[in-house]
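Reminder, nothing fancy here: chain letters follow the sequence lines and each chain counts from 1.
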Number of protein chains: 2
Amino acid sequence: MTAHTRVRLSPDERRAQLLDLGVTLLATRSLDEISIDVLAEEAGISRGLLYHYFGNKHAFHEAVVRRAADDLIAQTAPPTEGDPLERLQASMEAYVDYVVTNYAGYRSLVKAAAGGHEGLRAIYDEVQGVLVERIFAEDEGTLTVPDTPAVRLVLRGWSTMVEELVLVWCEDASGVTREELHRMVTDSMPALVAITLGAGA
Amino acid sequence: MTAHTRVRLSPDERRAQLLDLGVTLLATRSLDEISIDVLAEEAGISRGLLYHYFGNKHAFHEAVVRRAADDLIAQTAPPTEGDPLERLQASMEAYVDYVVTNYAGYRSLVKAAAGGHEGLRAIYDEVQGVLVERIFAEDEGTLTVPDTPAVRLVLRGWSTMVEELVLVWCEDASGVTREELHRMVTDSMPALVAITLGAGA
DNA sequence: TGCGACTATTGAACATTCGTCAATAGACTG
DNA sequence: CAGTCTATTGACGAATGTTCAATAGTCGCA
């Protein structure tokens, strides 16, 4: 169908093109549905070229997920001004907004991380770690979140819960307003920390 | 290596053997590492026989996960006696015990459900639904858990959080005792419901 | 303008795994 | 022991991941 005049790009350009395409496709198909054939066809290149740039399918998938994860972290960065509680709320709001607007892609990302091998899981854990770390960074005595093993554990659980809540809400809000969701998500954090500290006493 | 004298079993026996083997292998490898070849070799049968019984790889995987899910539901059934709160606690304790003793297999199950196609996800949702439904069933006014969309949403989130907490704790308890974990898991439920009801007012 | 070097890119060949189907062989009946 | 039923096999084809020697754009230079 399409003309096959060979197009030659610089390595950086080609790499960027393939990565962008990968992230784009992630919003339509799941990660393991992005076969080498599909991607090569979509990009208008041969399969061999993809191997030249990324080595193998798994490494390519990792690169795509890494890029998507970086986008998420950048776009949900909390503001540098305001008191800790406000910054937390702003950060959570940014997170909800991100998931709502990038729903399909984010769903694929989570799915890929949960179902994939070590490397993908590591990237996901890294994202979750950054999100949780912000809690401690933003807390300057106001929220009084001590850094104990139990607190770290419960914050990880909270993080996973937030993700699930937002994703399920996106699929089917069914009578729950965005404000309710938002309060649910933010208020639960200090509550869970309080429970954890109470249990540890 | 092994002798190849063809062994003929009744369909029920063969089916049970293959399903049992699938669940057993699930504790060692992830679901998509259980290829038809691996399973056929391990079971001492030909690939064709597996297709005869289950149609295709995906259907077989679904059958294995379904079986593992049924095991989980059966083994974490709450006691029929005692007051609601006690039954909830007993049920949660049974859940933690189950995950601790069947850690590898449970991890594979969750991974498979999260990363897999519609059918696998449906089975997982079914399990989560049963667990949440127990909350309502066990609540006879004592816990005062009203059945609203927001509460159902938060309970789903709570369920996911519990799963994450237990799994992470299994990997690395790191200073968190089993009692702390247990209290964290049970106390969080009413707390989250209270927050949700407060937010909904 | 033409030659040569560099390297981005290709396409054919191979390996592995999923899936199909006609042929085979174990068990039971009379 | 012959015949029937059906559990089981093994060879074949299709799809997908992976490798690598050959091809062809592009740039520098006489």
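In this structure, OH of Tyr51(A) is placed 13 Å from C1' of dC14(C), rounded to the nearest angstrom. For the pair Glu41(A) CD and dA15(D) P, the interatomic distance rounds to 14 Å; values are reported in whole Å. As rounded to whole Å, 6 Å separates atom P of dC18(C) from atom CG of Asp37(B). Rounded to an integer number of Å, the gap from Leu18(A) CG to dA8(C) P is 13 Å. For the pair Leu50(A) CG and dT16(D) P, the computed distance is 15 Å after rounding to whole Å. For the pair Ile34(A) CD1 and dT16(D) C1', the interatomic distance rounds to 15 Å; values are reported in whole Å. Rounded to a whole Å, the CG atom of Asp12(A) is 12 Å from the P atom of dT9(C). Distance Leu9(B) CG to dA25(C) C1': 15 Å, rounded to the nearest Å.
Comparing dT18(D), dT9(C), dA25(C) against the side chain of Arg8(B) picks out dA25(C) as the nearest. Among the nucleotides dC6(C), dG19(C), dT18(D), the one closest to any side-chain atom of Arg47(B) is dG19(C). Distance from the side chain of Asn56(A) is smallest to dT18(D) among dT8(D), dT18(D), dT9(C).
Backbone-only contact: Tyr53(B) has heavy atoms under 4.0 Å from sugar-phosphate atoms and none from a base. Note on Leu49(B): a base of the nucleic acid sits closer than 4.0 angstrom, heavy atoms only. Among the heavy atoms of the strands lying under 4.0 Å from Ser46(A) is at least one base atom, whether or not backbone atoms are also near.
At most 12 heavy atoms of other shown residues, nucleotides or ligands fall within 6.0 angstrom of atom CD in Glu41(B). Within 6.0 Å of CD on Glu118(A) lie no more than 12 heavy atoms contributed by other residues, nucleotides or ligands.
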Item checked: Working for side chain to side chain contact (heavy atoms under 4.5 Å, CB included), residues Thr160(B) and Met161(A) -> CA-CA 6 Å; Thr160(B) 302; Met161(A) 181 184 74; 5.8 Å; no
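Ser91(B) contributes no side-chain N or O that, together with a main-chain N or O of Arg87(B), makes up a donor-acceptor pair within less than 3.5 Å.
Between Asp32(A) and Asp32(B) the shortest side-chain heavy-atom distance does not fall below 4.5 Å.
A donor-acceptor contact under 3.5 angstrom links the side-chain atoms of Arg6(A) to the base of dT23(D).
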